[in-house]
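Comments concern the structure below.
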Amino acid sequence: MLQIPFIRDNRDATLAGLQKKRFANAETAVDQVLALDQQRRDTQKELDDVLARSNAMAREIGALMKAGQKAEAETAKAETAQLKTRSKDLEETLKTVEQQLQAVLVTLPNLPHSSVPEGRSAEDNEVVLQNGAVPTLAEGALPHWELIKKYDIIDFDLGNKITGAGFPVYKGKGARIQRAMINFFLDQALQAGYLEIQPPIVINEDSGFGTGQLPDKEGQMYYITEEKLYLIPTAEVPITNLYRDVILADDQLPVKNAGYTPCFRREAGSWGAHVRGLNRLHQFDKVEIVQIRKPEESYEALEEMSRYVQSLLQKLELPYRVLRLCGGDMGFTSALTYDMEVFSAAQQRWLEVSSVSNFESYQANRLKLRYRVEGKTQLLHTLNGSALALPRILAAILENNQTPEGIRIPEVLVPYCGFDRIS
RNA sequence: AGAGGGAUGGCGGAGUGGUCGAUCGCGGCAGUCUUGAAAACUGUUGACUGUAACAGGUCCGGGGGUUCGAAUCCCUCUCCCUCUGCCA
């Protein structure tokens, strides 16, 4: 959530930022926020004055009662009646205004960092760098959805039978390589100084609000009606929410957490041509890294996280590129996002396997996540990134490493897998 | 799931209608003493909002109510503990 004092002092910058994010009707929304904020503060002031007088009266009545001046006390009591009516009215107004203000405010996305390129869609994203040779496959190379059948390592039909589309069943070496990747990614994160967290994979409404999934994006999450809980779309949600309503001490910073969880996404309306096989699933596995930093360090941390994710891709011997997302393609809550894409040779496509973002104070403001500077509390910055999401990594490994003798397992994974080839 | 008990400041723990934002202890911070440290002593120590700064307002698990006035009484929800039941 954007901070109202910031909007108040930087109306033009806010508008420019929202426009870069391709937010429609920015001016209307911002002016609405400012008007409601003014109304809120006026109402609050008046209410405070009325309450101050009520409090004074109550104390007076108390003193009169003690002194035994009953008649005077009764007179004073009668006077408080209208104060009370007035304060009730004002409270109601305040509540309404606050709700209206909140309703508009939560629709405003985070403002983009100055380095974010202008643009409308994925086509306008900026390629920051590309690394690794794109492999040339032999004649008759297969896409991963054929390979998984050929080697019988992932079964979509079985998943269909017991659950539904987008819930694959991993078998044999398919299951083992999943387990291997999870362990590899967690071990790497540990070495990079992250604390391993194993969070719940269902979250409540407050947590959904804290990281920006709610309101509005509930359609993307699976919902358990009986308990009013959501299945997590990413470990970002439970891990970042560990720090909801927290004031961190200096010696607790920076926070670096990593966690493996399954992730659940309804992906309503996004099924189409390019979602075959492992490209898009309702349930998938991911190791997520989360950092909480002081504002002045957060962009340095973002670069560090980007380099870390790249180091994983290098170790996996996958050709990749890094994109700086344009304003129109960025996430709602992000100020700057790097997407890491690996090249999947048989599909001849770049697949997004990680998204590393700095949310600045946008989530922290919702979470009330702060630290102290010279006695005053101040919002921290939150960042996160996938490190990494499994299915598309697996797709790329299968396609890029296929040989007549089978699938070659990247060297770093061999000790984790216990085999060096799928054949 | 049934019966009972509970939820107060970083922690422990008072407070059961009137200067209570809350006694006290521990912890933290600052100081005195000390070559230094410890001990002892003194002071200080919640958050949000608001103001140029004061003032003012809100917060004693969440929400609602009674009252001139509530941490204190009532209703409700959530969570925790004990006993009984059930079960990985």
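Each chain gets a letter, A, B and so on, in the order its sequence line appears, and its residues count up from 1.
Taking 4.5 Å as the limit, some side-chain heavy atom of A/Val116 sits within range of a side-chain heavy atom of A/Met330.
The gap from the C1' atom of B/rC24 to that of B/rU45 amounts to 15 Å, rounded to the nearest Å. Going from the P atom of B/rC81 to that of B/rG12 covers 14 Å, rounded to whole Å. Comparing B/rA3 with B/rC20, their C1' atoms sit 35 Å apart, to the nearest whole Å. Comparing B/rA7 with B/rG43, their P atoms sit 31 Å apart, to the nearest whole Å. B/rU58 and B/rG2 are spaced 40 Å apart, taking the C1' atom of each and rounding to whole Å.
Side chain of A/Arg392 to main chain of A/Asn279: a donor-acceptor pair is present (N/O by atom type, distance under 3.5 Å, no hydrogens or angles).
Looking at A/Lys286 and A/Glu236, no side-chain N of the basic residue comes within less than 4.0 Å of a carboxylate O on the acidic one, giving no salt bridge. Look at A/Arg41 and A/Asp37 and you find a salt bridge, because one of the NZ, NE, NH1 or NH2 atoms lies within 4.0 Å of a carboxylate O, short of that distance. Checked for salt-bridge contact, A/Arg86 and A/Glu46 meet the test: a charged N lies under 4.0 Å from a carboxylate O.
Taking the side-chain contact (heavy atoms from CB on, under 4.5 Å) definition, one finds that A/Leu195 meets it with A/Ile197, A/Asn257, sequence neighbours left out.
Between A/Asn55 and B/rU19 there is no side-chain polar atom (N or O) within less than 4.0 angstrom of OP1 or OP2. A/Lys84 has a side-chain polar atom (N or O) that falls below the 4.0 Å cut-off from OP1 or OP2 of B/rG69.
For the pair A/Ala76 and A/Gly62, nearest-nucleotide mapping onto RNA chain B gives the more 5' position to A/Gly62.
The CZ atom of A/Arg59 sits 12 Å away from the P atom of B/rA70 (whole-angstrom rounding). As rounded to whole Å, 13 Å separates atom P of B/rU58 from atom NZ of A/Lys88.
Note on A/Lys70: nothing from the nucleic acid sits closer than 4.0 angstrom, heavy atoms only.
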What protein N or O atoms touch nucleotides 45-53 of chain B N or O atoms at under 3.5 angstrom, if any, and at what distances?
from: B/rA47; atom 1: OP1; to: A/Arg372; atom 2: NH1; distance (Å): 2.5
from: B/rA47; atom 1: O3'; to: A/Arg370; atom 2: NH1; distance (Å): 3.3
from: B/rC48; atom 1: OP1; to: A/Arg370; atom 2: NH1; distance (Å): 2.8
from: B/rC48; atom 1: OP1; to: A/Thr377; atom 2: OG1; distance (Å): 2.3

